[in-house]
Structure formats: structure tokens, C-alpha cells
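Take a look at the structure below.
Numbered from 1 within each chain, the chains take letters A, B, ... in sequence-line order.
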2 protein chains.
Amino acid sequence: MSVGIRHDDLRRRNRAMVISAVRRAGQPSRTEIAATTGLSHSTISAISSDLIQEGILAESKPGETGALKRGRPQVGLALNPEAAAVMTVVLSLNFLSVTVIDYAGHVVAEEQRRLDTLTMPRDKLIGECTAIVRRRLEDPDLDVQSIARIAMGIQGITDSQARAMLWSPITPLTDIAFADILEAEFGIPATMENDCNMMAVALQWRQPERYRDDFIAILLSHGIGMGLVLKGELFTGTHSSGGEFGHMIHRPGGALCRCGRRGCVEAYAGNYAIWRSAKMMSEDAEPVDVGDADMRALAARARETDGPEREAYRKAGEALGFGLGSLFALIDPAPVAMVGVSAAAFDLIEPALREAIAQTAGGQHSKSISFDTEPNELPLIREGCAMRALGFVDQEIFAAGAQARTGAGKNVA
Amino acid sequence: MSVGIRHDDLRRRNRAMVISAVRRAGQPSRTEIAATTGLSHSTISAISSDLIQEGILAESKPGETGALKRGRPQVGLALNPEAAAVMTVVLSLNFLSVTVIDYAGHVVAEEQRRLDTLTMPRDKLIGECTAIVRRRLEDPDLDVQSIARIAMGIQGITDSQARAMLWSPITPLTDIAFADILEAEFGIPATMENDCNMMAVALQWRQPERYRDDFIAILLSHGIGMGLVLKGELFTGTHSSGGEFGHMIHRPGGALCRCGRRGCVEAYAGNYAIWRSAKMMSEDAEPVDVGDADMRALAARARETDGPEREAYRKAGEALGFGLGSLFALIDPAPVAMVGVSAAAFDLIEPALREAIAQTAGGQHSKSISFDTEPNELPLIREGCAMRALGFVDQEIFAAGAQARTGAGKNVA
DNA sequence: CTCTATTTTTTCGAGCCTCGAAAAAATACT
DNA sequence: AGTATTTTTTCGAGGCTCGAAAAAATAGAG
């Protein structure tokens, strides 16, 4: 609201509009783009001709609307895969993975690596990340000239500027400005993204019909995380990545959470909490890491017999339900995606969750709240990072126009 | 993101920018406006000359920056009070008030009226509202030609389109589309706003240095309400006015709330909850209305002796603290304004509140979270409605330009 | 009292941008 | 081969913002 619109912004914004229309639609014709953007055919024609000239878009075969219509056939416009490339770096518990993605969104290279994140000292952890990036950049097999953007994803809290990891469960280290480190090391603009936010971005991309303007992605894993999209935009906190659903208070003074506090949702619904409860340990017991295989075994046992295992999942569902109820009181109900290893046990969680949510103001129409599950978070996080990085190239670099880019040449920031 | 920017939008947006700069700054010179909007002097000159021509702005004496500077003195631009007028209608428990406000924001007429909202049937309640509006509109003393906009505020839940009251504690009636009713009756565009949202709007206007981009206004009255501003914008739910802080869950299955559910924050911190607790009644006891005088007496007694009254306020503080902690986990901490009769007893509430919040993830820096109090909510709500209505005139009517207004002539919607 | 320095505001032409209408292009149908 | 139909491009008109220069309005100096 504070700054006016300059005349040159106009073209930039409309170019961005066309690029994003093509990214979303795949192979839209100029006419389709004109329809979705509301701009005139002349404008679309002028802009797309520029974009083709600059090598950002390329003409492809018709949109293939099935039956051939009379009249001049539509020419599909597609992203030119060679226009740019981006890189994703995903750091999760004991695991580091990197992918290189062309401008059209296809993976052209990747590398994965196990490492002991929990005990690794600061220098080593940073070194591993820069080393894996360097290996991909210097790979002679890779036929991309340069990487335009790096998006790094990590489980934990990042700052709202997407520059640094503030806190993460995968390492005792705090406040690592990965974005700055990568930029300094490679001279490539980078961001540091929260894993759950990237999950949400990926879902929005994968299933736009279901996850569009308002939805919630919840990670049910060792910890409980959330990515929240409201009014079509990723919701972040004012200082941090925000959306720390797992640390909303379920029971004041209750079970011990990994964060050191008591009564958080996560202290009832995180893997370690379910494990602790299933093994009849005290709610004060120190959180321990539980492997995915152990969790799957636990879920299997809970399905078999009505014992403490089943009760543990029930308690988790209750905590999630009341937490969602409180969340829905603030933002109104929205579709939910449950992601992560415990999402595979959602059948054990759902009944108690729905019962709890029905007792809250936000759950007035609890039956209409729909849940979907996706057990594997890593591909989602990677996809989200890729879309994030590509979106940056679309909006910040290519929308600016060729002369703005070559002329001024300050594309960092 | 879906619609492009048309060429004619440009002028409209920049006009809006200039108008809002004048509304905020009071009497800025053209040069100041150019500086704050980032637009060129030529553009500001052209736009302000148009706006003066159309009678929206008027030149006034210099901005009076104190010492007279050398050079051509600045000419202040001010809103022309006669450019338009708006009306606010605020419906609260047993009380209905209306004000007429000129374009510069000054109250030019008002009327207030007691009525028994709790027992009034639907027709009667609507009738009272339309009648009081009609009386003000037809008042011969009123020298405004026409009212450009009505903003109605009510305690309770409204829909996200600001058309209807969905639920309110002041009446058993539900789903009254006041905005539609007023529009149909008087042919004046109207909106139905949530009281706490309007409090937040007013605070942003009154104290922009403190309440700017991110802050929270909490109503401590019979019920507990919240208005939330994030990134400078009022936060609303996806379907309703949202931000139902009072109905976040404090203790699952806990005290009986006025909403019929259990364990809501309000069931511990609403006036009725404090009263119930202070009088040693059961947490299941039906909520009853408590007058402001009684609440003030209760607070006085709590300050005198360490009895059940003081304990009641402590419990209220605890509920608010844990609730805020959960909220801060989602959005990060922000300044808080406590408004309403129990805000005057915030000294009794604050210690327990801070203690509770310190036990939450969001309260990590609980000492840096600052609270301010304002015992009287009604003036705030009125002011917020006024600013809301004026903002509509600024952005939707006057920004469009004279020919767009007179030419097409479809200003409704 | 006049002249100069300084600051604000307006004027004017240049350069873009979008738009509508018309033309051109490309195909299916007759 | 000709016609109808649909898509895309071309072209001139009309607007908008911008920078530079001019005009306006005042304080201070002599």
C-alpha cells in the first residue's frame, strides 16, 4: 500500500502473468492465455513473441483438445526447458539430497547421501551441504550452463525472510544462515525454506483442484509440522516460518515435548510421543528417535489388538483433533493433507481426531472436513523446493525482461 | 495472480495511492506524497490536480513543518470534508448507535438508543436498525447530500464477505444479512463487520507507530474476541470473520462455554467465566450476563483480598496466556491490545498470563511481548467502522475517476 | 527595495504500454 | 477450389508515467 505502480511495472507484471499461466497450464495457446489473464489478444501476442525471442518460451504442437476444430489451429506455448535450471537441496534427518531441475520442471540430475546430522559439528554440516552442491555444479555430464536459483528445504524453523535455519530437530545446531552461505559460496541466489511449507507448495502444484486457495498440510513424523496456505498464499509467521502447529498447547502442563516445554500437540502426536505412550512410559520420559520401520510395526500391532498401542494412537488423534479445532477457530476449516510415516496410520488416528474436533467451535461441520494422506514426505518437499525456485526465476528474473536483466545486472536480492 | 493488469488500472491504483497518502498524513504536500508513493512529481501533480478538480481533495495551508524554509512553500493537500459522507451502525448488547461522518473523518451527527437485543424478535431487531438509519438520513439538520457507504459493526461472527451476521452473543437470532438488508432498504452500499476486526482497524489508525503491520486486539468482555492484523492487513477466516481466539481450546473437556462447548479460552476468561469462578460456582454452571459495574466491583475486591476473586482472574490470565502461546506458535509474537471492561482489570490478569505464556513455544521472549489496555471498546468499534467505510469510498469510488463513475454508473458492488 | 538562492509545482515532449479493429494465416468443410 | 471459421499478428489511437526544463513563490543578502 505504500508504493505506487510505475509504468514499467506494468509490462513486468503482465509478463509474469503470462509465464505463470504457461507454467500452470502446460501448453496453452495464446488465446487461452488471453482468456485466463483477461488481457487482450494483442498484448498476449506481443508479450509471448518477446518471451519466445528471449528463449523463455517455445512454440510446441497444438494443445490437443481432442477433436480437431475448424479454423486456424491453436499453437501451444510451452516453457523452454533450456531457458534456465534450478537446484533443490533438502536436508533431513541423516539424509541430504540434491536435484537439478530444468526450466520445464524435469529432474536432470540428482545425488543423495547419508550423514549423521545429529552429531555433526557446524563446519562439517555446512561443508557437506556445499560439497554436494559443488559436485553437482561441476559434474561434466550436466549440460546446463548455470543454475539460476537454489532452494534449500529443512525440517524445523526458518526465518520469515527464508535466509536461515533457526532451529531444527535434525541437529542441535541453531541459526545457520544457509541461504547466505550458499550465495557466498556459489554466487547463486538461494533461499532456506521450511519443509512443511514446501509440502504445501507441492500439494498446491500436484492437486490444484483440491489444494487451491485454503488448505493445510500436516507432517506426522518424529515432530509435527504444518504448512498452511490461505487465500492461495503460503502463510508464514511475522519473524519465522511460523505455523508451528505442533507446538500449540494441547494440555497445559502436560506431556514433555521435544522442545523442552509441556503439553504441546507434538508431545502427544509426534512419533516419539506415540511410542512413549504405547510402551507405557511416563509422559515425562525424554523423547527418543524412533525409526520408520518401528513405527510401522507399532501401527500394525495397534490394528491387531486393542492394547496400549491403539490407545497411543487414540491420544495422538485427540491431540491433533483439539489442535485442529483451535486452528479452525482462527482460520475456519479447510482441507487437510496428512503427510509422513504416521499418515500411514491415519486409520488409527482418525476416529479420535474427528471425535475431538467435533467438540470444538472450528469443527462445527466436522464431517465435511476432509483428510487425505501421503506417507512419503521427501518427494513432496523436493517438489515444493523445485517449484519455489522455478517460481523465483519466473517472477524475479524472466518477468523483468531481457534488457532489464542484461542492462542493470543486479539480480541478486 | 489470475488476472493481468489493464492499462486503465494503473491510474486507478495510483489515484488510490494518493488519496490514502493524504488520509494517512493529514496535510501532506505534493512533494511529500511523491516521496512516500515513489511516483514522480509530474504524476502526483497530474493526479492531485484531477482530484482537486473533482472536489475530492482541497488545498490547505502549508504543512507547518515548524521553521519556515527558504524556497517556495509547500501547499498542503487535505481531504475535502464535503466530498462524501459515510455512516456507521454499531449494534452491541442492548445498545444501538449510529454516526454520520464526513469525508475528512469528523462526526457530523449521531444517535444512540437502548434496546433489548436478547429478547427482540427478528423483524423488530432489523426494524430498529433500519429505523435509526432512516431517521439520520431524513434529518433535515443534516447537510450532507448523500451517504456513500454504511459500515455496520456487531459483536459475533460475520461472514468473510462482510455481508451477514452469522452468530452473535447479543441475540439468539442467527444469519441476518444486515448488509443486504441495508442496501435493499436505502440503496447505499453496506458491509457487516466484526466488532473486534473494527477495533483492530481503529487501533491501526490511532496508533500507527505501535499498531502497524502485525498486532492483536483482544476484547475482554462478556465474550472473548480478537481482531488480528498480519502484514498490515486484517486477517479473516476463509468463510467467516475468523479469528475466534475465544474459542480456541484451553482445556479439552473443561469448563462450559457460552458456545455450548467445553474448555474454550472464553470459558475461563469471559466475564461470565470470571464471575462464575469468583462466586465458587461449578464450571458447568450456565453462563450469565454480568454488568460492567459488577465486574468492576469484582476486580476491586480481587485487588483487596487474596480470595476466590483473585483466583478467578488468575485462571483467566492462565487461559489467555496459553491461548496466546498457541496463537504465537502459529503467527509469531506481536503487540497486543487488551480492550473491554476486563482490560481495566489487566493488572489482575497479567501475572498469570505472562507465567503461562512463558511455558509455551510462542512465548520464548515473553518479556518482550507488550500489552496495552483500553477499557472502552465502543468508541474503537465506531472508529474502525468509520475508517472502513471511508476506505471504501477512497478505494472503490474516488479512485475510479470521475468519468468512470458518471460514465458507467455501476458503483454498487 | 531589488536581486539571488532555494524549494515546490507545473508544463511539455518522449517513450511505453494496452487496446480495438482489421488484416493475415491456417485449417475444416462443401 | 472456394468458403467459413478460428487463431494470431499488425497497426494506429489513446493513456499513462517520467525526466527535464520552466514557472512560481518565498527567505535572505546587499
Give a yes/no answer on whether the side chain of [X] brings an N or O atom under 4.0 Å of OP1 or OP2 in [N].
X	N	answer
B:R11	D:dG15	no
B:S40	D:dT17	no
B:R72	C:dT6	no

Contact class for [X] (heavy atom, under 4.0 Å): base, sugar-phosphate, or nothing?
X	result
B:S45	base
B:D8	nothing
A:S42	base

Starting from [atom2] on [N], measure out to [atom1] on [X] and report it in whole angstrom.
X	N	atom1	atom2	value
A:R12	C:dC16	CZ	P	17 Å
A:L57	D:dT8	CG	C1'	15 Å
A:D50	D:dT10	CG	C1'	14 Å
A:R13	C:dT18	CZ	P	12 Å
A:E59	D:dT8	CD	P	9 Å
A:Q74	D:dT5	CD	C1'	13 Å
A:I44	D:dT6	CD1	P	21 Å
A:N14	C:dC19	CG	P	7 Å

Smallest separation among heavy atoms of A:G384 and A:A202, with atom names: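 Minimum heavy-atom contact is N-CB, 3.6 Å.
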Using the side-chain heavy atoms of [X], tell me which of these nucleotides is nearest: [options].
X	options	value
A:T43	D:dA25, C:dT18, D:dT8	C:dT18
A:T31	D:dC16, D:dT7, D:dC18	D:dT7
B:R70	D:dT8, C:dA5, D:dT17	C:dA5
A:R30	D:dC18, D:dT8, C:dC17	D:dT8
B:L39	D:dC18, D:dT8, C:dT9	D:dC18

Earlier contact from the 5' end, DNA chain D, for A:S48 and A:I5: A:S48
Taking for each residue the nucleotide of DNA chain D with the nearest heavy atom, is it A:A46 or B:I47 whose nucleotide lies nearer the 5' end? A:A46
How far does NE2 of B:H7 sit from OG1 of A:T43, to the nearest 0.5 angstrom?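 The distance works out to 10.0 Å.
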Rounding to 0.5 Å, atoms CD1 (B:I56) and CD1 (B:I47) come to a distance of 11.5 Å
Nearest-nucleotide wise, let me know which of B:H41 and A:H7 is further upstream toward the 5' end of DNA chain C.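 The residue whose closest nucleotide sits nearer the 5' end is B:H41.
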Would you call A:R30 and A:E59 a salt bridge, using N to O less than 4.0 angstrom? yes
Side-chain polar contacts of residues 77-86 of chain B - donor-acceptor pairs under 3.5 angstrom, sequence neighbours left out - could you list them?
from	atom 1	to	atom 2	distance (Å)
B:N80	OD1	B:E82	N	3.1
B:N80	ND2	B:G55	O	2.9

Which residues pass the side chain to side chain contact (heavy atoms under 4.5 Å, CB included) test with A:R212, not counting sequence neighbours?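 Residues passing side chain to side chain contact (heavy atoms under 4.5 Å, CB included) with A:R212: none at all.
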